[in-house]
Enquirer: 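The structure that follows is given in the form of structure tokens.
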Amino acid sequence: MSDLLANLNPEQLQAVTLPPQHALILAGAGSGKTRVLTTRIAWLISTGQMGPHAVLAVTFTNKAAKEMLARLSAMLPINTRGMWIGTFHGLCNRLLRAHHKEAGLPSLFQILDSADQLSAIKRLLKNLNVDDEKFPPRELMHFINAHKDQGLRPAQAEVWDDYTRRRVELWAEYEGQCQREGVVDFAELLLRTYELLSRNEPLRRHYQERFRHILVDEFQDTNRLQYAWLKLLAGHDGTAGAPQGAAVFAVGDDDQSIYAFRGAEVGNMRDFEREFGVQNVIRLEQNYRSHGNILDAANALIKNNQGRLGKNLWTDQGAGEPIRVFEGFSDLDEARWIVDEARELIREGVSRDQIAFLYRSNAQSRVLEHELFTKGVAYKVYGGLRFFERQEIKHALAYLRLLANPDDDTAFLRVVNFPTRGIGARSLENLQEAAHRSNSPLYNAAASLTGKAGAAVGAFIRLIEELRRETENLPLPEVVEHIIERSGLRQHYLGEKEGQERLENLDELINAAASFIAEEGAMPVPDPATPDAPLPSPLASFLAHASLEAGDHQAGDGQEAVQLMTVHAAKGLEFDVVFISGLEQGLFPHENSVMEKSGEEEERRLMYVAITRARQRLYMSHAQTRMLHGQTRYCVPSAFLDELPQELLLRVNARSTPAYDNSYSRSPRAAAPVTAYESAAPAGLRVGQNVSHAKFGQGVIVATEGRGADARVQVNFGAAGMKWLALEFAKLTPL
DNA sequence: TGGAGGGGAGTTTTT
DNA sequence: CTCCCCTCCA
């Protein structure tokens, strides 16, 4: 045990060894929060304060959950299998599988991922003859999910106009459809579990009594429903007669809250502190990742946010390098400089995968990729399709889903005619109509179809029935292999020009099934606390796994490569060298964020996350012009750059560096293509012109419109925002 | 049934 | 500009 606590700093040690009370750990970037979390669990177990089954540890990502399990296994001589450590969704899935009856779900309920959910909504709108122009499926999906993330059902939704009334009706229809088909979406996993536990007292008591310690990772990312879920499980819901609850150990960093747009509520941290009467608030401020200059910059930046819980990172590693700031004439110029700088570092021996290019929006990767490709630097872009999201994989899974649950219309429609078997859109329309009339799944309605179409659909149904029979007693990997052959998927892709990779992926799916069985599905462990609960079948578990864990992002080739990703995707990662590009008003901070309340603060936190990814070297860059939506935009440097202590920055000017001289840095004006507007611009005020305004300060003209008395110009004033000004009235001084 | 071509949108995203 | 989605036509 002394081993366990060795090398913890005083704050970490204090957090790990707190008495069994509620605690809030404010864990700064790079302060060893995962270590504290796992050591806390190990300490509680090894000191005999609780058994492994009395802990519930929740994370947001599978990666974090796996990491925790791995570290725990390394610390303790216990089998972590069967411990309740996982993602919110994974744990809810587990609960719902064990108590599906009480939750009103079929035992083999399927989980819809976002793509499945979208197609389910599209299908619903079609069946109900709803104009999808008026009710865009994506928007409706977001509406539904946002409400469910708040813990709401259609009956509780606030309705403020006819449009919303209709959306709520459609949402209710959607819920009905999911129920009929035996499928649940991501938000439903949580909401259904929450409702199950709040309505079913014995069950609630059972779990409340069982979990003595609840640990939550990335607490700042919890949404309202997740917080309510935690309160319920912790026995802190105000229910009369609730047993003495679990101790909640919440770890988070309000400064790294960057997911408000998907429902995360930083306010949960304050609420938690208040509602749980938290006595133990511990700040982990010693940073083990970055050099001092980097931390100083991050601290100075984040100080500009209001209402923080407060935290200041420090390190004993020394100041390190200054932060290098580069201004390019264009986005291309910027990319060239970044890539050249990276090549220089690689020459000096920095490993490629210790170099990260971070950006605010995915579109920015294009110009960087182009430059990397041109210069022959290996790179890897994060954010593409993931394994289980690939077309061929989803097709194969749809067959498997139909074996498990024939009511799953989403799966049915996905493969009823893939590979093509002569079932046209017309037949499917008829089938859907018949199903709608008889209020039955497509699978059952198929029998009512007559004629040629009926025969074709009938053959498909028979195929599924045969597959079910043939695979009944096969081990999972063989089931997968069998359906890939018998469904005709393999044959189909064999005949396709670009089919080679898809075939490889299908083979990989068989491997995935095999390793899934090897790792977790081999012999499902009965939960000691609920020994009577049905054990999930390997197929059902595998399908849930596929939905809940879509796999790694497309990682490109395995070789050492420069890492490209959005700042969001970089959260939780660290690199020796980090480049943050596109530091321009409107891009970072993003223009759409200024509309949202406290949007600027979230952008600042995002910047804070970006900065704190760097261990040794940090580069920041911006460009004077940037191609955006096919047009050249004139940009002013990000206000965030001004918020950094200037003495930490080293301005690197391309022209002062011989290597960059006239090789590609052209004059800014010459580099800027003439836009269509420009011909109409009044003399002296052109797009790209720097101007000064009495009230708004310095800015740059980004667009002009009209002539004479009607002439207006759009000016980007940086921190003061983007303004349209009538030349007749506004006093603009060219600079 | 699939390919071509028009139209529209273009922050961030895990489960 | 470029990508994606939908529709329409052969």
Side-chain angles (χ1 to χ4, degrees), chain A residues 58-65 86-93 111-119 122 126 132-133 136-139 141-142 145 148-149 184-191 193 217-218 221-223 225-226 257-264 331 358-367 370 382-384 386 388-389 417-428 496 544-553 565-572 582 586-596 599 602-603 605-607 609-610 626-633 673:
Chain A
V58 205
T59 64
F60 275 86
T61 65
N62 292 297
K63 199 173 152 198
T87 63
F88 278 100
H89 295 85
L91 295 171
C92 285
N93 175 53
I111 300 166
L112 301 184
D113 66 18
S114 317
D116 297 330
Q117 188 187 16
L118 186 62
S119 58
K122 283 183 183 166
K126 204 162 221 167
D132 59 4
E133 305 259 288
R138 278 181 184 285
E139 197 276 335
M141 174 160 103
H142 180 257
N145 290 342
K148 290 170 85 163
D149 284 345
V184 299
D185 58 45
F186 287 136
E188 186 72 24
L189 282 171
L190 275 143
L191 187 48
T193 307
D217 191 16
E218 305 280 17
D221 287 339
T222 51
N223 62 33
L225 176 56
Q226 285 158 339
S257 161
I258 56 173
Y259 285 114
F261 71 92
R262 64 176 198 213
D331 47 352
L358 307 185
Y359 35 78
R360 173 69 240 264
S361 70
N362 286 303
Q364 288 169 256
S365 77
R366 171 176 284 277
V367 62
H370 177 81
Y382 284 81
R386 296 184 298 174
F388 285 108
E389 292 168 353
N417 196 35
F418 192 97
T420 51
R421 34 179 82 88
I423 301 169
R426 199 47 169 280
S427 320
L428 287 180
E496 211 178 50
H545 165 83
S547 302
L548 291 175
E549 195 169 343
D552 285 334
H553 273 291
M565 66 193 83
T566 62
V567 179
H568 282 93
K571 190 175 164 214
L587 191 59
F588 201 175
H590 198 277
E591 54 203 345
N592 294 2
S593 72
V594 300
M595 319 292 296
E596 294 153 28
E602 175 133 330
E603 294 290 306
R605 288 192 293 269
L606 196 52
M607 182 71 184
V609 168
R626 181 174 298 275
M627 273 300 255
L628 212 61
H629 307 335
Q631 277 199 317
T632 303
R633 283 245 300 228

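Just so you know, these numbers come straight off a predicted model, no measurement behind them. So that the names make sense, note that chain A is the first sequence line, chain B the second, and so on, each numbered from 1. Computed over heavy atoms, backbone and side chain alike; hydrogens, waters and symmetry mates excluded.
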Enquirer: With a cut-off of less than 4.0 Å, is there a side-chain N or O of A/R366 near OP1 or OP2 of C/dC1?
Expert: no
Enquirer: If the threshold is 4.0 Å, N to carboxylate O, is there a salt bridge linking A/D113 and A/R386?
Expert: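 Salt bridge absent between A/D113 and A/R386.
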Enquirer: Can you see which heavy atom on A/E389 is nearest to which on A/G384, and at what distance?
Expert: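 Answer, listing the atom of A/E389 first, then A/G384: OE1-O, 4.4 Å.
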Enquirer: Rounding to the closest angstrom, what is the interatomic distance between C/dC3 and B/dT14 at atom C1'?
Expert: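 My reading of the C1' atoms in C/dC3 and B/dT14 gives 24 Å.
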Enquirer: In whole angstrom, what separates A/Y359's OH from B/dG10's P?
Expert: 19 Å
Enquirer: Starting at atom CG of A/L118, determine the distance to atom P of B/dT15, rounded to an integer number of angstrom.
Expert: 19 Å
Enquirer: When you compare the side chain of A/K571 with that of A/E218, does any pair of heavy atoms fall below 4.5 Å?
Expert: yes
Enquirer: Polar pairs (N or O, both sides) under 3.5 Å between protein and nucleotides 4-6 of chain C?
Expert:
| unit_1 | atom_1 | unit_2 | atom_2 | d |
| --- | --- | --- | --- | --- |
| C/dC6 | OP1 | A/K122 | NZ | 3.0 |

Enquirer: Within the supplied structure, the quantity of interest is the number of heavy atoms (other residues, nucleotides, ligands) at a distance under 6.0 Å from A/R138 CZ; does it exceed 12?
Expert: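 Atom CZ in A/R138 is not crowded, with 12 or fewer foreign heavy atoms closer than 6.0 Å.
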Enquirer: Round to the nearest Å and state the distance from A/E133 atom CD to C/dT7 atom C1'.
Expert: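 The distance from CD of A/E133 to C1' of C/dT7 comes to 11 Å, rounded to the nearest Å.
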Enquirer: Checking only heavy atoms, does the side chain of A/S114 share a donor-acceptor pair with the base of B/dT15 at less than 3.5 Å?
Expert: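 Check passes, donor-acceptor contact within cut-off.
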Enquirer: On DNA chain B, does the nearest nucleotide to A/A363 precede the nearest nucleotide to A/T87 from the 5' side, or the other way round? Give the residue.
Expert: A/A363
Enquirer: What orientation do A/Y259 and A/H568 show, parallel under 30°, tilted 30 to 60°, or perpendicular over 60°?
Expert: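 Rings of A/Y259 and A/H568: tilted, as their planes differ by 30° to 60°.
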Enquirer: Compare the aromatic ring of A/H89 with the six-membered base ring of B/dT15 and state whether they stack according to the 5.5 Å and 30° rule.
Expert: no
Enquirer: For the P atoms, the ones on C/dC4 and on B/dT13, what distance do you get once it is rounded to whole angstrom?
Expert: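 To the nearest whole Å, 15 Å.
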Enquirer: Where the side chain of A/N362 is concerned, which of B/dT13, B/dT1, B/dT11 is the nearest nucleotide?
Expert: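 Nucleotide nearest to A/N362's side chain: B/dT13.
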Enquirer: Do you know the tightest heavy-atom contact between A/V567 and A/F588?
Expert: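 Minimum heavy-atom separation between A/V567 and A/F588: CG2-CE1, 3.9 Å.
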Enquirer: Please give, in whole Å, the distance from B/dT15 C1' to A/I111 CD1?
Expert: 9 Å
Enquirer: Roughly how many Å is it from CE in A/M627 to P in C/dT2, rounded to a whole number?
Expert: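 Rounding to the nearest Å, CE of A/M627 and P of C/dT2 are 8 Å apart.
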Enquirer: Using a cut-off of 4.0 Å on non-hydrogen atoms, how would the nucleic acid contact of A/E596 be classed: base, sugar-phosphate, or nothing?
Expert: base
Enquirer: So do the side chains of A/T632 and A/R626 get within less than 4.5 Å of each other, counting heavy atoms only?
Expert: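 Result no, sub-4.5 Å side-chain heavy-atom pair not found.
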Enquirer: Are the side chains of A/L548 and A/L189 in touch, meaning some heavy atoms are under 4.5 Å apart?
Expert: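 The answer is yes; the side chains approach within 4.5 Å.
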Enquirer: Is any side-chain heavy atom of A/N145 closer than 4.5 Å to a side-chain heavy atom of A/F186?
Expert: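 No, their side chains stay 4.5 Å or more apart.
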Enquirer: Could you work out the separation of C/dC5 and B/dT12 based on their P atoms and round it to a whole Å?
Expert: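 Those two atoms are separated by 15 Å.
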Enquirer: So which protein nitrogen or oxygen atoms get under 3.5 Å of nucleotides 2-8 of chain B's nitrogens or oxygens?
Expert:
none

Enquirer: Measuring to OP1 and OP2 of B/dT15, would you say a side-chain N or O of A/N62 lies under 4.0 angstrom away?
Expert: yes
Enquirer: If I take atom CG in residue A/L428 and atom C1' in nucleotide B/dT1, what distance separates them, rounded to the nearest angstrom?
Expert: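 From A/L428 CG to B/dT1 C1': 13 Å.
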Enquirer: Rounded to the Å, how far apart are A/L548 CG and B/dT14 P?
Expert: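 The answer, rounded to whole Å, is 14 Å.
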Enquirer: Answer with base, sugar-phosphate or nothing: what part of the nucleic acid does A/N417 contact at a heavy-atom distance below 4.0 Å?
Expert: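 The residue A/N417 makes sugar-phosphate contact but no base contact.
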Enquirer: Of the nucleotides B/dT13, B/dT15, B/dG10, which has the atom closest to the A/Y259 side chain?
Expert: B/dT13
Enquirer: Would you say the side chain of A/M141 lies within less than 4.5 Å of the side chain of A/D185, judging by non-hydrogen atoms?
Expert: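 With C-beta onward as the side chain, the pair stays apart.
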Enquirer: I want to verify a distance call: between B/dT13, B/dT15, B/dG10, whose nearest atom is closest to the A/F186 side chain?
Expert: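 Minimum distance to the A/F186 side chain belongs to B/dT15.
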Enquirer: Of A/E603 and A/R421, whose closest DNA chain B nucleotide lies nearer the 5' terminus?
Expert: A/R421
Enquirer: Less than 5.5 Å between centroids and less than 30° between ring planes, does A/F261 satisfy that with B/dT12?
Expert: yes
Enquirer: Starting at atom CG of A/L628, determine the distance to atom C1' of B/dT11, rounded to an integer number of angstrom.
Expert: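 Value for this atom pair: 11 Å.
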Enquirer: Go through it in stages, so that I can follow the logic: the residues are A/L587 and A/Y359, the test is side-chain contact (heavy atoms from CB on, under 4.5 Å), and I'd like the CA-CA distance, side-chain angles, deciding distance and then a yes or no.
Expert: CA-CA 9 Å; A/L587 191 59; A/Y359 35 78; over 6 Å; no
Enquirer: Is the phosphate of B/dT13, meaning OP1 or OP2, less than 4.0 Å from a side-chain N or O of A/T566?
Expert: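 It does, given that an N or O in the side chain of A/T566 lies less than 4.0 Å from OP1 or OP2 of B/dT13.
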